[in-house]
2 protein chains.
Amino acid sequence: MATSLHAHVVEHLGSRIVSGQIPRGSIILAADLEQKLQVSRSVIREAVRVLAQCGLVNSTKRVGIRVLSAEHWNPYDDHVIRWRLASDHRGAQLRSLTELRIAVEPMAAELAAEVAPEALRKELMLLSAQMNHYGRMGDLRRFLELDIRFHAAVLAASGNEMFANLATPIGAILRGRTDLGLMPERPHEEALLWHQSVADAISNADPAAARRNMESIMRRTHNEISGLWEDEQRLFVDASKPK
Amino acid sequence: MATSLHAHVVEHLGSRIVSGQIPRGSIILAADLEQKLQVSRSVIREAVRVLAQCGLVNSTKRVGIRVLSAEHWNPYDDHVIRWRLASDHRGAQLRSLTELRIAVEPMAAELAAEVAPEALRKELMLLSAQMNHYGRMGDLRRFLELDIRFHAAVLAASGNEMFANLATPIGAILRGRTDLGLMPERPHEEALLWHQSVADAISNADPAAARRNMESIMRRTHNEISGLWEDEQRLFVDASKPK
DNA sequence: TGACACCAATCTGTGCAGGCATAAAAATAA
DNA sequence: TTATTTTTATGCCTGCACAGATTGGTGTCA
């Protein structure tokens, strides 16, 4: 995946920092990295610049590259989300994202019913029909991909780019949920119905119904996976943040 | 603000791309930038790397640095948000962020009532008391700062770092709202009451009441500023996104 | 002797200049 | 149309000078 050299370095350092292999507070020297990873300074510097934007490190003169603690990480960065989902504390990331989608998706459905262009409404109807089809057939693999596309389409149809940009991590959640065997052998009849109802409501420009049915989906989703983070500690970041 | 040289370049290019002075689709050559901005290649390269992560540009071999269209921008990046708020299309950014906070803040209040540590509950009570005091006095300057801290505190008290990280842009919205003269001469009595009720509910561990009162605040907020983006076009990003 | 202010040494990221390698577009040939 | 060569801008490397922060030492004064 990572084709360029500096992307490799970003991946190497980022994943190790998030997983905890490189302890927070520790200090890395650029010169050491050059030698250890066998790449040149320019590569290291660009990688560090990227990691600094993720909030993972903070390079200052005379001291080096300081590894920051989790409260400084940018929780919306795609890299960070991916690394967290791959780490031992994936529960915390799953919880944050799920809570966010519980808040956002009903609102997105409501907005979509108000403002979505006709083409997107049609696409939603098509997607929900296909979900019904493959869901009842028990083709979980295909159902999953349709489910991901359905939720992405609703987010996109809201016309809010901040909502739409959550499609990727939400897709990652859905994929992870089936990979972990948290999905029933075949989708619940209720769930299929709710998806259909969301599509109908958006298609019929009925914001209240769209929200209501999406809320039902979210409630079930939450019940199905909230067990994953039972013992995961919450992170209370200080409101008075440093620069 | 931008102390380092490469940060200057990021600022220079980023603001011009978002404002539209550099048209999307156009291609910049690193060598030209070197000469025009009178900086060395390493500075250009690091800046371009940062801008690439923001989704503003995409540098490829043999072609140069391509300026991407708005649908590729990362809407959660602090730089991007700042530049968009400073541009002619600030309305679109204001709308996205406001819709997001309408979705998120009631959920945050609900969560805070469930999981917030005692210290944060106390702080919220203190903040709402101060808001009452300065609000009734008509000290808008101080009220604004307290309002920002209040909402940041609720988001932090939710124990969800994705919610907590919205405090900065939401603060920017609130500041902008008063700067644009959209605030009444003194805060509405209702608004003060709702803030107080949110703090009470969180303090008393009453999630439903916390959500309900925060929803009231959000409804009023929306009514007060939704006029700002009446004629702003919505951006429907393609669900099937390129890499 | 001890506390404190000031200064110098040193260490490390930041920025600069130039060189070679390489990939991808464009032009040319088959 | 397809294959090959040429062109050209980024990717990557290296040596050098500079700036800023930490550290330790030095000197002054109480």
Side-chain angles (χ1 to χ4, degrees), chain A residues 1-14 16-17 22-69 72-74 79 242-243, chain B residues 1-17 22-69 72-73 79 242-243:
Chain A
M1 181 187 192
T3 165
S4 61
L5 250 188
H6 95 270
H8 264 117
V9 176
V10 168
E11 204 62 27
H12 178 94
L13 288 177
R16 269 151 223 265
I17 289 173
I22 304 178
R24 38 219 70 174
S26 60
I27 284 178
I28 312 174
L29 266 49
D32 293 353
L33 280 179
E34 269 184 68
Q35 201 182 358
K36 189 163 298 182
L37 303 183
Q38 290 293 310
V39 293
S40 72
R41 260 176 307 164
S42 48
V43 172
I44 297 289
R45 292 182 42 160
E46 286 170 40
V48 167
R49 201 61 72 195
V50 170
L51 292 172
Q53 213 189 354
C54 299
L56 296 197
V57 302
N58 181 359
S59 102
T60 63
K61 281 186 173 165
R62 181 53 174 80
V63 44
I65 300 157
R66 172 173 285 117
V67 177
L68 300 178
S69 60
H72 295 95
W73 302 349
N74 177 2
H79 294 119
K243 70 157 184 170
Chain B
M1 183 186 190
T3 165
S4 62
L5 203 37
H6 95 270
H8 265 117
V9 176
V10 168
E11 204 62 27
H12 179 94
L13 287 177
S15 57
R16 268 151 223 264
I17 290 173
I22 303 178
R24 38 217 72 175
S26 59
I27 283 179
I28 312 174
L29 266 49
D32 292 353
L33 279 180
E34 269 184 68
Q35 200 182 358
K36 190 164 295 183
L37 303 182
Q38 289 294 310
V39 293
S40 72
R41 252 187 296 178
S42 50
V43 173
I44 297 289
R45 288 175 50 89
E46 287 171 40
V48 166
R49 202 59 71 195
V50 170
L51 292 171
Q53 214 191 354
C54 298
L56 297 197
V57 301
N58 182 359
S59 127
T60 63
K61 274 191 165 173
R62 183 50 175 80
V63 45
I65 301 156
R66 171 174 286 116
V67 178
L68 301 178
S69 60
H72 294 94
W73 302 349
H79 294 119
K243 71 158 183 172

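Lettering of chains follows the sequences in order, A, B, ..., and the numbering in each one begins at 1.
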To the nearest Å, give me how far apart [atom1] ([X]) and [atom2] ([N]) are.
X: A/Asp32; N: C/dC11; atom1: CG; atom2: C1'; value: 13 Å
X: B/Gln35; N: D/dA9; atom1: CD; atom2: P; value: 13 Å
X: A/Leu37; N: D/dC12; atom1: CG; atom2: P; value: 13 Å
X: B/Glu34; N: C/dA17; atom1: CD; atom2: P; value: 8 Å
X: A/Ile44; N: C/dG15; atom1: CD1; atom2: P; value: 17 Å
X: A/Arg66; N: D/dA21; atom1: CZ; atom2: C1'; value: 12 Å
X: A/His8; N: D/dC12; atom1: NE2; atom2: C1'; value: 15 Å
X: B/Arg41; N: D/dT14; atom1: CZ; atom2: C1'; value: 12 Å

Can you list every pair that meets salt bridge (charged side-chain N to carboxylate O under 4.0 Å, His left out) and has a residue in residues 48-57 of chain B, with sequence neighbours left out?
A/Glu46-B/Arg49
So which heavy atom on [X] is nearest to which on [Y], and how close?
X: B/Ile27; Y: B/Gly64; value: CG2-CA, 4.3 Å
X: B/Ser15; Y: B/His12; value: OG-O, 3.1 Å
X: B/Cys54; Y: B/His79; value: SG-ND1, 4.1 Å

So, is [X] close to the [N] phosphate, meaning a side-chain N or O under 4.0 Å from OP1 or OP2?
X: B/Arg45; N: D/dG11; result: yes
X: B/Ser59; N: D/dG11; result: yes
X: B/Ser42; N: D/dC13; result: no
X: B/Ser40; N: C/dG15; result: no

Base, sugar-phosphate alone, or nothing: which one does A/Arg49 contact when heavy atoms must sit under 4.0 Å apart?
sugar-phosphate
Nearest to the side chain of [X] - [options]?
X: A/Val43; options: D/dC12, D/dA9, C/dG13; result: D/dC12
X: A/His6; options: D/dG11, C/dG13, D/dC12; result: D/dC12
X: A/Leu29; options: D/dG15, C/dG19, C/dT12; result: C/dT12
X: A/Arg62; options: C/dT14, D/dT22, C/dA24; result: D/dT22
X: A/Lys61; options: C/dT12, D/dC13, D/dT10; result: C/dT12

Show, in sequence, the C-alpha distance, side-chain angles and deciding distance for A/Leu33 and A/Leu13, and conclude whether the side chain to side chain contact (heavy atoms under 4.5 Å, CB included) test is met.
CA-CA 10 Å; A/Leu33 280 179; A/Leu13 288 177; 3.8 Å; yes
